Protein chains: 4
Amino acid sequence: MATHTAQLFSITTGSSEPIYRQLVEQVRRLVAAGQLAPGDGMPSVREVAQVLALNPMTVSKAYGLLEMEGLLARQRGMGMRVAERAGAARSTASRAELLRPTLERAALEARQLELDSDTVLSLFTLILKEQA
Amino acid sequence: MATHTAQLFSITTGSSEPIYRQLVEQVRRLVAAGQLAPGDGMPSVREVAQVLALNPMTVSKAYGLLEMEGLLARQRGMGMRVAERAGAARSTASRAELLRPTLERAALEARQLELDSDTVLSLFTLILKEQA
Amino acid sequence: MATHTAQLFSITTGSSEPIYRQLVEQVRRLVAAGQLAPGDGMPSVREVAQVLALNPMTVSKAYGLLEMEGLLARQRGMGMRVAERAGAARSTASRAELLRPTLERAALEARQLELDSDTVLSLFTLILKEQA
Amino acid sequence: MATHTAQLFSITTGSSEPIYRQLVEQVRRLVAAGQLAPGDGMPSVREVAQVLALNPMTVSKAYGLLEMEGLLARQRGMGMRVAERAGAARSTASRAELLRPTLERAALEARQLELDSDTVLSLFTLILKEQA
DNA sequence: GTGGTCTAGACCACT
DNA sequence: GTGGTCTAGACCACA
């Protein structure tokens, strides 16, 4: 099951977005969506590091930040779990707001590429289906 | 017109995306869209730096990379211009491809937030109209 | 009485000070003060673990270190007792020296907070009375 | 001046208190006391690391945490400075509260050592004078 | 087994 | 020059 959770992560090493931050943001989204529920055990630092071919310290940094944020809780010697006070899955509207910044960036790029809304929406629809 | 061009740029200092790369990618998009056509003069390093409140060296670095890439050409004593061989505005399909990575990222985040396509497309449509 | 002894301990799980070391140092102080006299029986590992909600191995580690140090002695099948050669209660001056490092740390912090001696001593006096 | 600031730090490598946390807490105290005022430049990571014989990453971790806390602000390429919104020097009473946890610990240890208040206060007074 | 801390050293982004 | 990120590898505390 821990292995399963580790598989949820998808990092892009080529991005300028630091790896540890990609991890932090993905955990935030998974918790917001309820895919990671309060009390769930997180995969170990070493396991995530191995699955994603990262240095354990990079994963540890992400976990540490999430702990400071109150989203994860440490169980001494027994790994991390999703904090009870992490809040249950949020409403659809609330989760949609978390997606807004990325969509705004996409809209900005579309405008700079002088692509009309129909073209952009068609392409986006296609991509959403591909991933489904 | 040079001033006008500088206004096309929109940088986010708080982002982890390096500023110089934000500039490079925006110029790429503006050239692909034809908003910057071969032969057009670019605003001076100093001007862009002042308008966007950046360090001139940051702007200079972006220009340097774009020159190496062949998109911009240096005219001694006369600033930079868009290179003749920069290629004319590309087709809509070609430009849409440049937008694909950003849309794929948005789709990934949407899936992690467990948002269905309809919700995401509605929000995106709204954002596209806001910016228009 | 064993139970009573376990109550003497006061550990802080949130501290960065390892739990086993908190235990070791408290036993050292209790022996120095004579509250634990040579020959006295120590509460069992299991009991301390239960009373303080700790993992028994943590308590066992502390006891092991104190045994190596010569402060505790193992009696096969009968738990641990304070070693005869643990030395009787020390003099006041000798015990005060054990407190010096903590007071020096407090003095350092006070200086960094730019608090004058009178303010610090007033607060400390207050705290000493509260605990009495 | 930067060098002078670095000299304000005093870390104990032998302690179980992590070095980066010792740094964080000292900066908090120095800011609370007004010895580090909003706008002041902090000594560079490398300088602190050299003066205290630490690894730069350790210092960097402390600075990073203080930035997240809002006490320090990064100036890209120009080092860190004390944040404007760090708040001016606090009142004496407010600063004294920051000292309370350490004094409470000292009082606990004193009680376990069965030292009476007079003895403890005498020793503390002595230590406060030594450091002055 | 778990996470935490630290070091040494590399490379990057920015001024 | 500044800080940021990452790796590799070591040792510690805890279960």
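Naming convention: chains lettered A, B, ... in sequence-line order (proteins, then strands); numbering from 1 in each chain. Given the structure is predicted, the values throughout are model-derived calculations rather than measurements.
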Visitor: Quick check: on DNA chain F, is the nucleotide nearest A:Ala53 upstream (toward 5') of the one nearest D:Tyr63, or the reverse? Name the residue that is more 5'.
Guide: D:Tyr63
Visitor: Applying side-chain contact (heavy atoms from CB on, under 4.5 Å), can you list everything that pairs with C:Glu69, at least two apart in sequence or on another chain?
Guide: C:Val24, C:Arg28, C:Leu66, C:Leu71
Visitor: Quick one: side-chain contact (heavy atoms from CB on, under 4.5 Å) partners of A:Arg74, sequence neighbours excluded?
Guide: A:Glu67, A:Met80
Visitor: My understanding is that only residues two or more places apart in sequence, or in another chain, count here; which of them pass side-chain hydrogen bond (donor to acceptor under 3.5 Å, both in side chains) with B:Gln50?
Guide: none
Visitor: Looking at residues at least two apart in the chain, or sitting in another chain, which of them share a salt bridge (charged side-chain N to carboxylate O under 4.0 Å, His left out) with D:Glu25?
Guide: none
Visitor: Please enumerate all residues that pass side-chain hydrogen bond (donor to acceptor under 3.5 Å, both in side chains) together with B:Gln26, with sequence neighbours excluded.
Guide: A:Gln112
Visitor: Enumerate the salt bridge (Lys or Arg N to Asp or Glu O under 4.0 Å) contacts for residues 51-65 of chain A, please, sequence neighbours excluded, ordered by first and then second residue.
Guide: none
Visitor: Quick one: salt bridge (charged side-chain N to carboxylate O under 4.0 Å, His left out) partners of A:Arg111, sequence neighbours excluded?
Guide: none
Visitor: What residue pairs, at least two apart or across chains, pass side-chain hydrogen bond (donor to acceptor under 3.5 Å, both in side chains) with a residue in residues 98-108 of chain C?
Guide: C:Glu97-C:Arg100, C:Arg100-C:Glu104, C:Thr102-D:Glu109, C:Arg105-C:Glu109
Visitor: Shorter than 3.5 Å, N or O on both sides, protein versus nucleotides 13-15 of chain F: list them out with atom names.
Guide:
from	atom 1	to	atom 2	distance (Å)
F:dA13	OP1	C:Tyr20	OH	3.2
F:dA13	OP1	C:Arg21	NH2	3.0
F:dC14	OP1	C:Ile19	N	2.5
F:dA15	OP2	C:Thr58	OG1	2.2
F:dA15	O3'	C:Asn55	ND2	3.3

Visitor: Side chains of residues 51-60 of chain D: which donor-acceptor partners sit under 3.5 Å, not counting sequence neighbours?
Guide:
from	atom 1	to	atom 2	distance (Å)
D:Asn55	OD1	D:Met57	N	2.7

Visitor: Please, what dot-bracket string fits DNA chain E when only Watson-Crick and G-U pairs with both distances under 3.5 Å count, crossing ones use [ ] and pairs to another strand use |?
Guide: ||||||||||||||.
Visitor: Would A:Val27 and A:Val31 count as a side chain to side chain contact (heavy atoms under 4.5 Å, CB included) here? Give the steps.
Guide: CA-CA 6 Å; A:Val27 171; A:Val31 169; 4.1 Å; yes
Visitor: How would you give the extent of chain B contacts on DNA chain E, as first and last nucleotide 5' to 3' within a 4.0 Å heavy-atom cut-off?
Guide: E:dA13 to E:dT15
